[in-house]
Protein chains: 2
Amino acid sequence: MPRSTSSPSPKGSPVTLAMVARRAGVSPQTVSNAINSPDLLRPETLERVRAAIDEMGYRPSRAAQTLRTRSSKLIGYGIQPVPGGDTAPVMDRFLHALSQAADEAGYRMLLFACPPGGPSLEGYEELLGQHDVDGFVLSNTARQDPRQAWLAKRGVPFVGFGRMWSGRQIGDWVDVDGASGTDAAVEHLVALGHRRIAFLGWPRGSGVGDDRAEGWQRAMRRHGLPTRGRRAESAGDVEAARSAVKPLLDAGATAVVAVSDTLALGCYHALRERDAAPGRDVAVVGFDDSPTAGILSPSLSTVAQPLEAVGRECVRLLLARMADPAASPGRVLLEPSLVVRDSTAAPGSDAPGP
Amino acid sequence: MPRSTSSPSPKGSPVTLAMVARRAGVSPQTVSNAINSPDLLRPETLERVRAAIDEMGYRPSRAAQTLRTRSSKLIGYGIQPVPGGDTAPVMDRFLHALSQAADEAGYRMLLFACPPGGPSLEGYEELLGQHDVDGFVLSNTARQDPRQAWLAKRGVPFVGFGRMWSGRQIGDWVDVDGASGTDAAVEHLVALGHRRIAFLGWPRGSGVGDDRAEGWQRAMRRHGLPTRGRRAESAGDVEAARSAVKPLLDAGATAVVAVSDTLALGCYHALRERDAAPGRDVAVVGFDDSPTAGILSPSLSTVAQPLEAVGRECVRLLLARMADPAASPGRVLLEPSLVVRDSTAAPGSDAPGP
DNA sequence: TCTCAGCATTAGATCGATCCAAAGACATTA
DNA sequence: TAATGTCTTTGGATCGATCTAATGCTGAGA
């Protein structure tokens, strides 16, 4: 007879380990062993217990396990209030990836709402004390982020999505190599024949922004292309980007690499203002592959972060850290990928044209 | 002396109720009462216990409480894999709102990853059995959604974000009055002088889409405006929308109300194709207030869902249901709000112009 | 003086699983 | 035969809180 997967009683699942034990004619401890150390049981006993387990639809109570083992199999995640449209338009994808990776490892994500304003410690202490959370995933890590040091000090496992940008590195992290992304963007543009490639970035001082600028710069240098006068800075909103990019266009840039899709969109506006079209007259590359990028017209080439992989790696590093608190720090830098769309369709002005 | 908020021992918080009791010179039960039924204690005892509690930084262990009270104070939420950019570009806002509302009520959100493809039951049973989740919030409810009936059958409290669109209503829900949103959009356009107002919707059969279409239709009728030949249908992607809207424009529509921002963007493309500009030549209204809407040029007028309020109401209804499983169903329909931007800036063609 | 409310507090069992140590079964060896 | 060892299985305590029921205490009324 195939193993029955009969559903548990309609009214919740008050099936306890003891009940399974009675049914299988063994002691509770044996049932526990059947689940946690099957190799301790004689094969026939194991089979009998397993049969009882799924005939009764037994599921161990996490609360009881947590109480006894002091491990909740929960991973805390502080969800930030949605910022002004700029950073993290893709956090739900990341969250899904995290959840999935955690589920597959037998863990679950426990959410709590972070207060607005920069990253703070609020909430973390409570989750630790009340829920015995096994670890945390941090996102939107920032300069002067107090969380890593605070968690490290009390020996709580955590992984940051984002490396430390100031001071020494603390703890484990997973990050996306922004420099590599903009570097690839420049490569792509150079291959299309562009030489006057500008960079539209955030004001210096943000780790992420500086990293992405760096990639542009090194690729330019590698190709012997000048960067002077080809870089502008702008705050995170479209309007600021639009005016910030003008000098670059005036200086004859044939391509713009932007530090974010939002800023790339600012380029779109600036171009349209002077009756030029992205992709046809000036190539534009964004960063993040936000939902907007794919539906713009012309669609925006952009650097996509491998969020699913980031989620998986976060969970992997976190589990490793829990297994061995003294292990050397795990740091994973993932490669983003360039998504080529219409905004970089046309060849650069120096390219041989028909 | 002000109540001390000294931090707990740096190494986690192994402070138990019994330790607090010893320190305060009372029995464990009295400490428990101090927290859960303070009115049972003599004021001076209460004060003494409270002092001990926060001197020691005591936090009750959720695991132990869950085990004893069979209530985990957890709310389950199945997070869907990010769909093709169309539905739910705003789910992270909703999640934050949920988390915040839950936190304030002493609950937390427990995430699990839903498998791709329509809503299924996978995951719900496991959370129930293992974690004793107190209830669920469902989102992306769909026609033929099996979850409501399944949960209702086993007496599990839940709230849907989205009413039932087929069959009879089951359980509690919170929803946004889509019809009211499109109705308001039409009102706004009529006030600007528009009379040939078209609707670009999804294929009939989706509850949400039909609801939004209904609002347009009733507002048109109220103003004695014809709707024949002013309605087109399109799948959820921009390309499909672009071609679907053409006949409407050919028929002389001066304004288009779209069922989503994505479809509205399709209008943008179609207009640009014929050298017309949204807002100047043809007014366009979207739905959802996605991040894209605000950064387009011209910025897109759109109907915004009150996601924070939806989150709050979801939690409120859920708590009410837990408190009284037999209470009559709670159903809350919230009003969306029209966000007027540049795409509806110019007066309609029939308006008296300068 | 004794009983009997009424109040504040306490004792002990309990939720469901896992830890530890010890007991039983069985074959092997002195 | 008794002692030794291996391999399974079991008993009882335990995690930290809350439940029920019972206790000690006080003062009012008989």
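Each chain gets a letter, A, B and so on, in the order the sequences are listed, and its residues count up from 1. Bear in mind the structure is a predicted one, so any value in this text is a computation, not a measurement.
Note on the helix from C:dT1-D:dA30 to C:dA30-D:dT1: terminal axis deviation equals 80°, with five pairs used at each end and the result rounded to 10°.
An OP1 or OP2 oxygen of D:dG16 is reached within less than 4.0 angstrom by no side-chain nitrogen or oxygen of B:Thr16. Proximity of B:Thr30 to the phosphate of C:dT10: a side-chain N or O atom is located under 4.0 Å from OP1 or OP2. When the side-chain nitrogen and oxygen atoms of B:Asn36 are compared with OP1 and OP2 of D:dT18, one or more of them lie within a distance under 4.0 Å.
With sequence neighbours excluded, no residue forms a side chain to side chain contact (heavy atoms under 4.5 Å, CB included) with A:Arg68.
Rounded to an integer number of Å, the gap from CZ of A:Arg48 to C1' of D:dT8 is 12 Å. Going from atom CG of B:Leu41 over to atom P of C:dG6 covers 20 Å, rounded to whole Å. The NE2 atom of B:His131 sits 22 Å away from the P atom of C:dC15 (whole-angstrom rounding). Taking atom CG of A:Asp132 as the reference point, atom P of D:dC15 lies 14 Å away to the nearest angstrom. In this structure, B:Ile35 atom CD1 and C:dT9 atom C1' are separated by 16 Å, rounded to whole Å. Taking atom CZ of residue B:Arg62 and atom P of nucleotide D:dC15, one finds them 20 Å apart after rounding to whole Å. In this structure, A:Leu17 places its CG atom 16 Å from C1' of D:dC15, rounding to the nearest Å. As a whole-Å value, the separation of A:Arg59 CZ from C:dC15 P is 22 Å.
Nearest-nucleotide mapping onto DNA chain C: of A:Gln29 and B:Pro28, the residue sitting toward the 5' end is B:Pro28. Between B:Asn33 and A:Thr45, it is A:Thr45 whose nearest contact on DNA chain D lies nearer the 5' terminus.
Taken to the nearest 0.5 Å, the CZ atom of A:Phe158 stands 11.5 Å off from the SG atom of A:Cys314.
Across all their heavy atoms, B:Pro28 and B:Leu17 have their closest contact at O-CD2, 3.0 Å. When all heavy atoms of A:Ala63 and B:Thr66 are compared, the closest pair comes out as CB-CG2, 3.6 Å.
Residues B:Leu333 and B:Arg163 meet the side-chain proximity criterion, which asks for heavy atoms closer than 4.5 Å.
Contacts between residues 64-72 of chain B and DNA chain D, defined by a heavy-atom separation under 4.0 Å, are made by B:Ala64, B:Gln65, B:Leu67, B:Arg68, B:Thr69.
At a threshold of 4.0 angstrom between heavy atoms, the contacts of B:Ser61 are confined to the sugar-phosphate backbone, with no base atom among them. At the heavy-atom level, A:Val31 lies nowhere under 4.0 Å from the strands shown.
Of the possible donor and acceptor atoms, none in the side chain of A:Asn33 sits under 3.5 Å from a partner among the backbone N and O of A:Thr30. No donor-acceptor pair under 3.5 Å is formed between the side chain of B:Asp172 and the backbone N or O of B:Val159. Checked by atom type and distance alone, the side chain of A:Asp92 never pairs as donor or acceptor with a backbone atom of B:Met91 at under 3.5 Å.
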Derivation of the side-chain contact (heavy atoms from CB on, under 4.5 Å) call for A:Leu317 and A:Arg321
CA-CA 6 Å; A:Leu317 289 187; A:Arg321 173 64 48 215; over 6 Å; no
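Annotation for B:Gln169: atom CD counts as buried by contact number, over 12 foreign heavy atoms lying within 6.0 Å.
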